[in-house]
Amino acid sequence: MSTGANRWTATHFGRYTVHGDNAVTLESLGRDVNHLEDGFVDVQDGPLRITAPAIRRGWLDAVRRGEVPSGSGRGVDGYVTVEWETALDLVATELARVRKNHGDSAVYGGSYGWASAGRFHHAQSQVHRFLRQGGGYTDSVNSYSAAAVEVILPHVIGGHSWAFSEKGVTWPEIEQAGQLVVSFGGMAPKNAFANAGGIGEHVQPSWQQRCHAAGVEFVNVSPQRTDVDEALGAEWVSLRPATDVALMLALAHELVLQGLADTDFLHRCCVGWTIFRDYLQGGGDGQVKSAEWAASICGVPVSTIRRLARSIGTRRTTINVSWSLQRQRFGEQTHWMGVVLAAMSGSLGRGGGGYAGGLGISQIGVRSRRPKVAGLPHGKNAVAQHIPVARVADMLLNPGAEFDYNGTRQSYPDIRLIYWIGGNPFHHHQDLHRLVRAWRQPDTVITHESWWTPLPRFSDVVFPAATSLERNDIAIGQLDLTLAAMHRVRDAPPGVGTDFDVFAALAHRLGYGDQFTEGRSADDWVRELYARTKESLAPEGVSLPDFATFWRTGSVDLPDPGEAADWSFSRLREDPERFPLPTPSGKIEVFSESIAAFGYDECPGHPVWREPEEWTGCARAAEFPLHLLSNQPKARLHSQLDHARHSQQSKVAGREPVLINTRDAQERAIHDGQTVRIFNDRGACLAGAVLTDDIRPGVVVLATGAWFDPEQPGVSGTLCRHGNPNVLTMDIGTSRLAQGPSPGNTLVEVEVYAGTPPPVRVFDPPQLEPDDG
Ligand SMILES: Nc1nc2c(c(=O)[nH]1)N[C@H]1C(S)=C(S)[C@@H](COP(=O)(O)OP(=O)(O)OC[C@H]3O[C@@H](n4cnc5c(=O)[nH]c(N)nc54)[C@H](O)[C@@H]3O)O[C@H]1N2
Ligand SMILES: Nc1nc2c(c(=O)[nH]1)N[C@H]1C(S)=C(S)[C@@H](COP(=O)(O)OP(=O)(O)OC[C@H]3O[C@@H](n4cnc5c(=O)[nH]c(N)nc54)[C@H](O)[C@@H]3O)O[C@H]1N2
Ligand SMILES: [Mo]
């Protein structure tokens, strides 16, 4: 496709002008440059680039002997490079064998992950379409990001699983009428660096500034001071991790005591208020949810709780709950309680206040929706079976076992083949040693990757994938208005193909090639998706330029579609009978009959405080006294580009930095910059110490995303030399309701690493042998 003089591309973290030909440089078009793209171009041809199909030695030998392959050498065996035709034939045959002998549900295609920006080459869309057309597969539901909210809030406020993010308070409203934003888990500026699908405009920081300038005050309730932009002058309420629900309950109790609870709204627009009020006063568990009670759990002074309650009850307040709070045991409770606190505050359904789920993350708060832009159709999945996404290791280890999810009882399928592209489970999943064991169960694991990240090192067949700089596409981010052209600005290295190329070739071998491609090339599809977008926006009075003009100018700004008209909290407040919510009662469910009927003690009919198994208040803390937070990394998007310059520059003595409070460090004789060992009874990793007073004593922070670097691959409990926190986290669902991930409850101990630490090896490319057979 011809591009004219100027060329552009987009990533999840920005939009760029591209200079040069093949040897390109990227110039950020963002106003707030975040540097996440630094080094992206350099790694295109680096030593870790995968440039030929590669097959695990043990798998290849078994298949060539006509045997069913075993997963026991996964993560340990070396790799053989093969011809494309060889790899394609082997994979087509293996897919057909598994489907025929074990049924379509034996294929796991959940393939969770962020992949890259681009609507057509979106890896998950490609793999889902390919596997659906081939007969279907076991899929996953919900996300690692917000599983607990996605499942609980449809019961409480109604709507689809992500309706909470469309119905929350926005910055324009707060600027106009808001006075206070109380943010549980803060709104860390770095979390606005990235947005799924792209960021056309980096406006999150400027919106926050505008609200600050308009006189809005901010409170950062978090173990970390830096979780709110320093320029906002926020008050820091430092609390013990994983205790927010106790604090919120005490705030609720104080609102009642101080006569500030909005009883008119609670009676008219909510159900179950009186049951919940009894609970606050000790009903059910005999415990009054007083400020004194919460202070002893959360480590927040009684006077602060009382004062904060008064502010919340007397000012136009947004109760913002970050998603990190629900990536914890009983994470469902944090956002349910956030909604209830907002309902009590007097601000819900009045402009500029109420509940927000994740304000400050990506583009959340900037607007309510994005315009409809066409993507690659997935088609229908003939297999109905699915799992909550974070239960993948449970599924692989326990085929046939029953599990609970959102009021249903289901059983795990027996997975024989995993097809996973565009994600990195060896970054994102909890308790990685358990995952390694689980991952060995299936016969076959297939992936496509651009680099030798941990996932291909645990796969049997690896196809070399073109990067987003090597494909034409169109992009738009969540809650974004910029439809962006992504120009193919360099040639893929010889031997590399796109995900679409792989699937088209496999589909042809399996007899549904024409159905998969519909006779279109990749570039035809990009034009087609643009045409479909243009057509679907026309009835709304939006007239897009023709494709050639769009492609030449690089982007088009679409009009803000505004709020969805289906329902809103303000209309609920106005007249709950005329404007009901899409919940069973038509009101906000402070008490949910549906949830109560599920009979889950850890998630009963109204929000409750339940002590988690792991927090600094439990007996385990005698052995592992520090609470580990594994938050999103500042220097990258998850594990993406960990090998590139920007992430590499953030390392301390070559390892992932771990933040330790100065006092905790002194007690352990740890100096700034030293290599430390972080451990518990699930695993251990090395990291580089960074001493700070910006985190609460007793808390350490090791961001996610350092490439998993096991010292003895395949050996349980082995040291990760690099600093991946998921060797330490626990792999248990949030509750039987949502079964979301719970990395937020992790206790560890930290010590100076004695002796010479072993070098990080994960950035060495694996040894590849030529095919001899
Ligand atoms: N302990 C702990 N763990 C967590 C979290 C936490 O807070 N704490 N957060 C969780 C959250 S919220 C999330 S969303 C997950 C994120 O987990 P993931 O989304 O799995 O992480 P990424 O590193 O973005 O993985 C994307 C991979 O896809 C590859 N890729 C990119 N584009 C393409 C493409 O076009 N084709 C192919 N074939 N591959 C491509 C990249 O190289 C990269 O390896 O992590 C979760 N894990
Ligand atoms: N730069 C960058 N930005 C990103 C991403 C990335 O990888 N890199 N990932 C994106 C994705 S996929 C997602 S889902 C979002 C995630 O957005 P979040 O889930 O909100 O992000 P986190 O960084 O995990 O957590 C935010 C903060 O919560 C605080 N916190 C942790 N536990 C507790 C607790 O128990 N109580 C309280 N009060 N605070 C706590 C921590 O100090 C942490 O810094 O971010 C997105 N933005
Ligand atoms: Mo996420």
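Order of listing sets the numbers, starting from 1, for every ligand and every atom in it. This chain uses plain numbering: 1 for the first residue, then up along the sequence.
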Counting heavy atoms only, which part of Ser145 comes closer than 4.0 Å to ligand 1: side chain, backbone, both or neither?
-> both
closest protein heavy atom to atom 23 (O) of ligand 1 is Ser639 OG, 2.6 Å
Atom 36 (N) of ligand 2: which of Thr334, Leu659, Asp244 has the nearest heavy atom?
-> Asp244
Element-labelled atoms of ligand 1 that are located less than 4.0 Å from some non-hydrogen atom of Arg471 = 34 (C), 35 (O)
Do Trp84 and Phe463 have ring centroids that are under 6.0 Å from one another?
-> yes
Contact (N/O only, under 3.5 Å) between Asn631 and ligand 2 = yes
Please state which protein non-hydrogen atom is closest to atom 11 (C) of ligand 1 and give its distance, to 0.1 Å?
-> Tyr144 CB, 3.7 Å
Decide salt bridge (charged side-chain N to carboxylate O under 4.0 Å, His left out) for Lys634 and Glu656; before the verdict, give the C-alpha distance in whole Å, the side-chain angles of both, and the deciding distance to 0.1 Å.
-> CA-CA 11 Å; Lys634 185 178 180 187; Glu656 191 62 20; over 6 Å; no
Between Asp642 and Arg636, is the closest basic N to carboxylate O distance under 4.0 Å?
-> yes
Test of proximity, Ser116 against ligand 1: N or O pairs below 3.5 Å | yes
Output the list of atoms in ligand 1 that are nearer than 4.0 Å to some heavy atom of Gln430, sorted by atom number.
-> 1 (N), 2 (C), 3 (N), 4 (C)
To the nearest 0.1 Å, how far is atom 40 (C) of ligand 1 from its closest protein heavy atom, and which atom is that?
-> Gly422 CA, 3.8 Å
Closest protein heavy atom (residue, atom, distance) for atom 1 (N) of ligand 1 = Asn726 OD1, 2.7 Å
Would you check whether Tyr112 reaches within less than 4.0 Å of ligand 1, judged by its heavy atoms?
-> yes
For ligand 2, does Arg636 get within less than 4.0 Å through its side chain, its backbone, both, or neither, judged by non-hydrogen atoms?
-> backbone
Is any NZ, NE, NH1 or NH2 atom of the basic residue among Arg225 and Glu235 found under 4.0 Å from an Asp or Glu carboxylate oxygen of the other?
-> no
N or O contact, Thr729 vs ligand 1, cut-off under 3.5 Å | no
Which residue holds the protein heavy atom closest to atom 37 (C) of ligand 1, what is that atom called, and what is the gap in Å?
-> Asp499 OD2, 3.6 Å
Would you check the N or O atoms of Pro633, main chain and side chain alike, for any that come under 3.5 Å of an N or O of ligand 2?
-> yes
Please report which non-hydrogen protein atom sits nearest to atom 38 (N) of ligand 1, along with the residue it belongs to and the distance in Å to one decimal place.
-> His448 O, 2.9 Å
Looking only at protein heavy atoms, what sits closest to atom 2 (C) of ligand 1 is Thr704 CG2, 3.3 Å
Which bit of Phe193 is near ligand 2, meaning a heavy atom under 4.0 Å away: side chain, backbone, both or neither?
-> side chain
Nearest-option assignment for atom 12 (S) of ligand 2, heavy atoms, candidates His638, Gln640, Gln632 | His638
Heavy-atom distances under 4.0 Å are what count here, so tell me which part of Leu637 touches ligand 2: side chain, backbone, both or neither.
-> both
Filtering His428, His427, Gln124 for the heavy atom nearest atom 21 (O) of ligand 1 leaves His427
For Trp114, is at least one N or O under 3.5 Å away from an N or O on ligand 2?
-> no
What do we get for Leu239 next to ligand 2 when only non-hydrogen atoms under 4.0 Å count, side chain, backbone, both or neither?
-> side chain
Nearest protein heavy atom to atom 41 (C) of ligand 1, by residue and atom, and its distance?
-> Glu449 OE2, 3.4 Å
N or O pair under 3.5 Å between Gln328 and ligand 2 = yes
With only distance considered, is Trp451 within less than 3.5 Å of ligand 1 through an N or O on each side?
-> no
Within the side chain of His122, is there an N or O that forms a donor-acceptor pair under 3.5 Å with the backbone of Gly118?
-> no
